[in-house]
Amino acid sequence: MARQHIHRYAPANPATHPPISSFSHIDFTRRLMPLKSPQVKQSKWSTRLPSELRHLIADYLSTDNDVHSLSSLGLASRSWVTPTQVALFRFVRLLGSYRYRQLESILDEAPEIAAYIRALAIICDGTFTWMDQDAPRILLRLQHVEELSIRNWCATLMTDDTRHSLRRCFPKVKVVHMQDVAFAGNDFAVMLCAIPRLARLHLHDVHWSFRQRPMAPASPLGDNFIDTLYFHGTSPLVLSWLARDGPLGFRLRALDVAWEHPSVSADVGRALERSGPELEHATLVCNIRTMKGSVALSDWLAPPVEDQRPPQLDFTLAHSTRLRSLHLKIESPDGRSVLVGWLPTLIDSVSSTCIEEVLLELRRADLAHMLWEAADLRLAKLLAGHTALTVVIHISCVDDLSVGAAQVREQVVNGLPLVAATGRLIVECKGPNTSDWLPSLPHCNIPDPLTEESRACEATPPPCDPSDDAAEVP
């Protein structure tokens, strides 16, 4: 059976939910098209086309990244100016203070463009690090932004004026990406509480510490509920505030969390418990590691724990009764991950009636420490109770794929004989190149909300089609 992805990693519609990197696909200098430009004339045949059709054509060119055709379209006739502007300015990426001032100049000449900007990415540079004076001013003019990305922002010196302005900056923002952002005092909570419609939160390398600063009050503006959380390389205080102490609603449908300090495990458990049956997709990247199995450890993660005192598993998947996909992953480049020892217990705690995929993403070095017999029994039991379930084992850091891949598959099949006998085991191998272990963010490794056409979770999954076993491990 060919591997099927269950609404996990890529948004269903890249045109409406593009990665942040696509914000730069339109050059800024070609965006400004004044409505009364002498180069633009009115065409009789263009006005006969319905407005909806003109917008569809402009959207098609924008989705296809055909900037030249889209820019030419805006000069064809005045009736095409607005559809072209809507398509060109839907996603705006501001790289540094120069682009920031340029956008302000465009808005001064054509204020209507502010209503077309639905996604905004602000990438701070050396002259644009603290945003206190500039960012709130322009954000107040962009009241229709639904997706906001902020990168390289030092928010540790936020002023009272900025805190006050933030409460009027995000009336329609639903998705927030932050990368390489630092907060002090209570300003992280202040900012999130100022986003009344926040639903999806993506955090990578976000640092938050009190630093003995005065604690500004933080109260949410609305009754929003976060349903998607991406948490990687971020201060433990953030997850603790969100899962335990924060005033924001917490009904996660998708959780992607990576952590390397044992103290975070308890907060992961609280996040799973608070989400309860709402959670459908869980990605748990446990990078807690010990010294065993490594001569020299890198400084990529937190210091390793002692071999003699490995941390105990203090969270469970028992509350996620409608979980559809479970992804357990190890990212650390060295050391022995404690997740290997936790696998049997975690798998045994799965109580969902509609689980469709279990993905274990391990390094080749982890196979020597796998509890094969216990993992085989738990996975086989889970497969017996869920006929639509597929188990995927993804092994990375395989030195020679032409030879090593076959050896790895044989080792996995021999270690999981009961699972392999079901015909629903897939083994994938990856080479030693680890350049993508640290993806450039914001990174949407999170599913979109289910559409009406999506299959609903059923208590009794449909039977597996035995004719689709060609791509599986026999």
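On a predicted model such as this, the values are computed, not experimentally measured, just so you know.
When atom types are taken as modelled, the side chain of Thr234 and the backbone of His232 share a donor-acceptor pair closer than 3.5 angstrom. Judged by distance alone, the side chain of Ser349 and the main-chain N or O of Leu317 form a donor-acceptor pair under 3.5 Å. Put simply, the side chain of Arg167 never gets that close to the backbone of Met191: no donor and acceptor are under 3.5 Å apart. Listed for the Thr422 side chain is a donor-acceptor partner under 3.5 Å among the backbone atoms of Val419. Between the side chain of Ser275 and the backbone N or O of Ala271, at least one donor-acceptor pair lies under 3.5 Å. Judged by distance alone, the side chain of Ser235 and the main-chain N or O of Leu237 form no donor-acceptor pair under 3.5 Å. Between the His386 side chain and the Leu382 main chain, a donor and an acceptor come within less than 3.5 Å of each other. Listed for the Thr283 side chain is no donor-acceptor partner under 3.5 Å among the backbone atoms of Asp256. For the pair Arg90 (side chain) and Ile117 (backbone), a donor-acceptor distance under 3.5 Å is absent. At distances below 3.5 Å, at least one donor-acceptor pair connects side-chain atoms of Arg424 with backbone N or O atoms of Leu383.
Phe89 and Tyr116 have their aromatic ring centers separated by at least 6.0 angstrom. Residues Phe183 and Trp208 place their aromatic rings such that the two centres sit no closer than 6.0 Å.
Glu357 places none of its side-chain heavy atoms less than 4.5 Å from the side chain of Arg324. Two residues are said to be in side-chain contact when any heavy atoms from C-beta on lie closer than 4.5 Å; Arg322 and Cys354 meet this criterion. Proximity of Thr228 to Ile226: side-chain heavy atoms (C-beta onward) are nowhere separated by under 4.5 Å.
In this structure, the separation between CG on Leu255 and CG on Leu239 is 8.0 Å, given to the nearest 0.5 Å. To the nearest 0.5 angstrom, Asp348 atom CG is 10.0 Å from Leu377 atom CG. Remark: Leu148 CG to Ile150 CD1 distance equals 4.5 Å, nearest 0.5 Å.
Contact record, Ser320 with Leu279: OG-CD2, 3.5 Å, taken as the closest heavy-atom pair.
A search for ring pair (Phe, Tyr, Trp, His ring centres under 6.0 Å) contacts involving Phe170 returns nothing, not counting sequence neighbours.
Ion pairing between a basic and an acidic side chain is recognised when a charged N comes within 4.0 Å of a carboxylate O; Glu278 and Arg253 show no such pairing. Note on Lys329 versus Glu331: salt bridge recorded, some NZ/NE/NH1/NH2 to OD/OE distance being below 4.0 Å.
Neither side chain, Gln179 nor His204, offers a donor N or O lying under 3.5 Å from an acceptor on the other.
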